[in-house]
Amino acid sequence: MNKHVLIFLLAMPLAISHAYAEDVASGPTVKISGFGTAALTVADTDKAQFARPNQAAGAGRTARTGVDSNLGLQANVTVNPWLSATVQGLARKDGEDDFGAELAWAFAKAKVSDSFSVRVGRMGLPVFMISDYRNVGYANTMLRPPGEMYSQVPLNSIDGIDGTYQFSLGDTSITTQLALGRTKATLATGPDSTVHVEGKSIVALNMVAEHGPLTLRFGRAETKLTINDSPSLNTLMGSLRAAGSGYRIAQLGALADALEVKDKKASFTSVGLGLDWNNVLVQSEYAKRKTDSYISDSTSWYVMGGYRIGAFLPYYSHASLKADDRVNNTVPAACPAGYPAACTPTLRALSAGVNTMANTRNQLEQSTDSIGVRWDFHRSAALKVQIDRIKPKNGQGLFVQAKPGFSGPVTVVAAAIDFVF
């Protein structure tokens, strides 16, 4: 976020508090809270590394602390009954293979009425069932959100404005949220490489209905994506256009346009279900991603079920990620007779480049079966142990730094202590 915007957001509540002194005779109140996870993660292979979405490196046979560990700090400033501000910082391992600090939230909130509120600034992008608290391990049953689902939108926040309206229909409470804005993110493309993705003109709708122990959710987000600084993508597009022009093969230029990520439409539509009934716990999401670029369309889903036994909550989950559609590789297998000798080898190299681009991380397929247990041993801390059996399909799946010949399946074991304060 722009530094001047952040300063404005932090200063605005104090400024308004003076303007409306009659509403805040006691002055603004500040509440500091935090959350974190201390975890150890290990896999049964050294042919690839298990990592969370947008991590450049992960865990193999050597146990690592960085995959599932994080630390967050949040400040809430209440100016008066209708105005407040929130800032949240988060430290975790990121796309640059280091523990990086990020400004996750920084917004001012105005409570217009008992049922309607408006926020301005940086908020969580509301595309998942647990978008607002997916980094708070203590608030979640599983040790980590299923990567098959949560890797499909690597954008975590939105800079802009949102409005939330709450109302009731009988015994059912309904919350609707509409967010408008833009965002930027740094994504890992390799052990030492990153790209910057920008989402413009974001429109995100989030609707949640709660009836007793049952929660239903529907979400839809649309944006225009741009990636300008990918060396491999830029080289491939330039080569396709040069070959198309030089050899007069029109479909090569059209293919470059199809692969390009510049103000390309993208959408993510999802539904979710949650059930917390007596000792039974169920959570599930189903989503479709669509884009007009080399980034593949996908279908992802998961279902998790658990049962509380005193302070213990054993659970099982199954998650799946499938690539629905990729850009069609229209590079001809060979050049017509009479073309220069270098033409056909050039086309073969271009075809291989297109196939490689269509099989980058977050575009492949895999499924995961997980078993785990959560033990709430303290009123503000929980111990979790989780075992994942991950089956990549047609490639490396969501694993990083895969070596030739890697295919899986892979077993991942992790233990974590989640806490809040």
Side-chain angles (χ1 to χ4, degrees), residues 1-20 24 27-37 53-54 70-96 98-112 116-128 130-139 150 153-164 175 177-187 196-206 219 221 223 420-421:
M1 175 180 287
N2 183 281
K3 184 186 298 183
H4 295 92
V5 175
L6 176 58
I7 293 174
F8 170 75
L9 289 172
L10 295 176
M12 186 171 64
L14 297 178
I16 297 181
S17 69
H18 290 292
Y20 292 89
V24 286
T29 60
V30 180
K31 179 183 178 181
I32 304 296
S33 59
F35 59 88
T37 297
N54 198 33
N70 67 13
L71 181 64
L73 188 64
Q74 181 170 312
N76 295 89
V77 181
T78 300
V79 179
N80 56 39
W82 61 270
L83 184 63
S84 63
T86 300
V87 175
Q88 183 186 101
L90 179 65
R92 59 181 174 177
K93 200 171 184 182
D94 57 17
E96 297 178 350
D98 197 1
F99 278 93
E102 61 186 86
L103 184 64
W105 297 350
F107 60 82
K109 177 179 178 180
K111 186 178 179 181
V112 181
F116 182 63
S117 62
V118 177
R119 299 187 299 177
V120 178
R122 172 169 294 179
M123 294 83 63
L125 184 62
V127 292
F128 299 113
I130 59 171
S131 289
D132 274 349
Y133 55 94
R134 61 173 154 173
N135 294 313
V136 185
Y138 184 80
Y150 283 73
V153 180
L155 307 173
N156 297 321
S157 62
I158 179 172
D159 295 340
I161 183 171
D162 77 357
T164 300
T175 302
Q177 177 188 8
L178 181 65
L180 307 172
R182 62 190 302 163
T183 190
K184 293 181 179 180
T186 301
L187 307 183
H196 297 86
V197 58
E198 181 177 9
K200 301 177 183 177
S201 304
I202 297 174
V203 179
L205 175 66
N206 185 42
T223 187
V420 293
F421 58 90

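Here, residue 1 is the first one in the sequence, and each next residue gets the next number. This is a predicted model, so every value here is computed, not measured.
Taking CG of L178 as the start and CD1 of I161 as the end, the distance is 9.5 Å to the nearest 0.5 Å. With rounding to the nearest 0.5 Å, the separation of CG in D162 from CZ in R119 is 4.0 Å. Rounding to the nearest 0.5 angstrom, the gap separating the OG1 atom in T86 from the CZ atom in R122 is 14.5 Å.
Evaluated for a side-chain contact (heavy atoms from CB on, under 4.5 Å) with T183, the options I202, N156, D159 yield exactly one hit, I202. Each of T37, N135, N54 was compared with R92 under the side chain to side chain donor-acceptor pair (under 3.5 Å) criterion, and only N135 meets it.
Taking the centre of each ring, F128 and Y150 come in below the 6.0 Å mark.
A donor-acceptor pair under 3.5 Å is absent between the side-chain atoms of S157 and the main chain of M123, judged by distance alone. Looking at S131, its side chain does come within 3.5 Å of a backbone N or O of L125 through a donor-acceptor pair.
The two residues P154 and L187 make their nearest non-hydrogen contact at CB-CD2, 3.7 Å. Closest approach of D132 to W105, counting heavy atoms only: O-CZ2, 3.3 Å. The minimum heavy-atom distance between L73 and S33, with the atom names listed, is CD1-O, 3.4 Å. Across P126 and Q177, no two heavy atoms sit closer than the pair CB-OE1, 3.7 Å. Summarising the geometry of P81 relative to K111, their closest heavy-atom pair is O-CD, 4.1 Å, with the distance given to 0.1 Å. Of all the heavy atoms in I32 and A75, the pair that sits closest is CD1-CB, 3.6 Å.
Residues L180 and V203 meet the side-chain proximity criterion, which asks for heavy atoms closer than 4.5 Å. Taking 4.5 Å as the limit, every side-chain heavy atom of I158 sits out of range of all side-chain heavy atoms of F107.
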